[in-house]
> 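What follows is a structure written as structure tokens; I'll ask about it next.
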Amino acid sequence: MQLKIRRSQKSSLTGNPIFILDVMAEVSDEESALVRKYKLQKETVYSSDKADQNSANARGGNLGALGSLVMDKITKRFFTLGDLINGQHLECKDLPDLIQTEAQVHQACQNIRAYLDVAKSFDGSEQIVEIVAA
């Protein structure tokens, strides 16, 4: 799996910058088959609710949370691995939001990579794990 990220920006009507992330996951044929087999296309990759919670904590607790809820109420969204494979366009209001959004997408892809690695292991092979005394 590869995660492709394109960053760009545009100006809002008031002249403020809007930071843009275009993200897309490229999966191999084998990974695509595993995604379908284990129905991973429905796994949530990005949720603006989770990003808002993290943002509120970073910006000062409840007051930050209230401001974040008011500012982001219109743009609440989430997307799944299936959506990410098709490509997603995200607009962020500031650089901390962009960094946080990109990190959340990256972490979710790492988690899905782990799912795919485990899914590949159901081939009847045996693993031996040595347990060492502490």
> Under a single-linkage definition using a 4.5 Å side-chain heavy-atom cutoff for Ile, Leu, Val, Met, Phe, Trp and Tyr, are Met24 and Met1 assigned to the same hydrophobic cluster?
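No, it is not one cluster - the side chains of Met24 and Met1 are not joined through contacts under 4.5 Å.
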> Side-chain heavy atoms nearer than 4.5 Å, only ILVMFWY residues, links allowed to pass through others: does that put Leu34 and Tyr115 together?
yes
> Go through the steps for Ile5 and Leu3 under the test side chain to side chain contact (heavy atoms under 4.5 Å, CB included), then give the verdict.
CA-CA 6 Å; Ile5 300 171; Leu3 177 62; 3.9 Å; yes
> Using the ring pair (Phe, Tyr, Trp, His ring centres under 6.0 Å) criterion, which residues pair with Phe79? Sequence neighbours excluded.
Tyr46
> Can you name the side chain to side chain contact (heavy atoms under 4.5 Å, CB included) partners of Ser11, sequence neighbours left out?
none
> Test: side-chain hydrogen bond (donor to acceptor under 3.5 Å, both in side chains). Region: residues 125-134. Which pairs qualify, not counting sequence neighbours?
Asp123-Ser125
> Are any of the side-chain heavy atoms of Val105 and Glu102 separated by less than 4.5 Å?
no
> In terms of hydrophobic clusters joined by side-chain contacts under 4.5 Å, are Leu21 and Ile99 together?
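Same cluster.
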> Phe122 and Val35: same hydrophobic cluster, using ILVMFWY side-chain contacts below 4.5 Å?
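Looking at the clustering, Val35 is in the same group as Phe122.
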> Not counting sequence neighbours, which residues clear side chain to side chain contact (heavy atoms under 4.5 Å, CB included) with Ala108? List them please.
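Applying side chain to side chain contact (heavy atoms under 4.5 Å, CB included) to Ala108 gives Val45.
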> If you round to the nearest 0.5 Å, how far is OG of Ser121 from CG of Leu116?
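Result: 11.0 Å between the selected atoms.
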> Which salt bridge (charged side-chain N to carboxylate O under 4.0 Å, His left out) pairs, counting each pair once, include a residue from residues 8-37, with sequence neighbours left out?
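Matches after skipping sequence neighbours: Lys4-Glu26, Lys10-Glu91, Glu31-Arg113.
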> Among the clusters formed by ILVMFWY side chains lying less than 4.5 Å apart, do Leu81 and Val118 turn up in the same one?
yes
> Would the distance check show the side chain of Thr80 and the main-chain N or O of Thr44 forming a donor-acceptor pair, the cut-off being under 3.5 Å?
no
> If you link I, L, V, M, F, W and Y whenever their side-chain heavy atoms are under 4.5 Å apart, who else ends up in the same group as Val129?
Ile131
> I'd like to know if the side chain of Ser32 reaches the main chain of Ser28, judged simply by a donor and an acceptor atom lying under 3.5 Å from each other, with no hydrogens or angles considered.
no
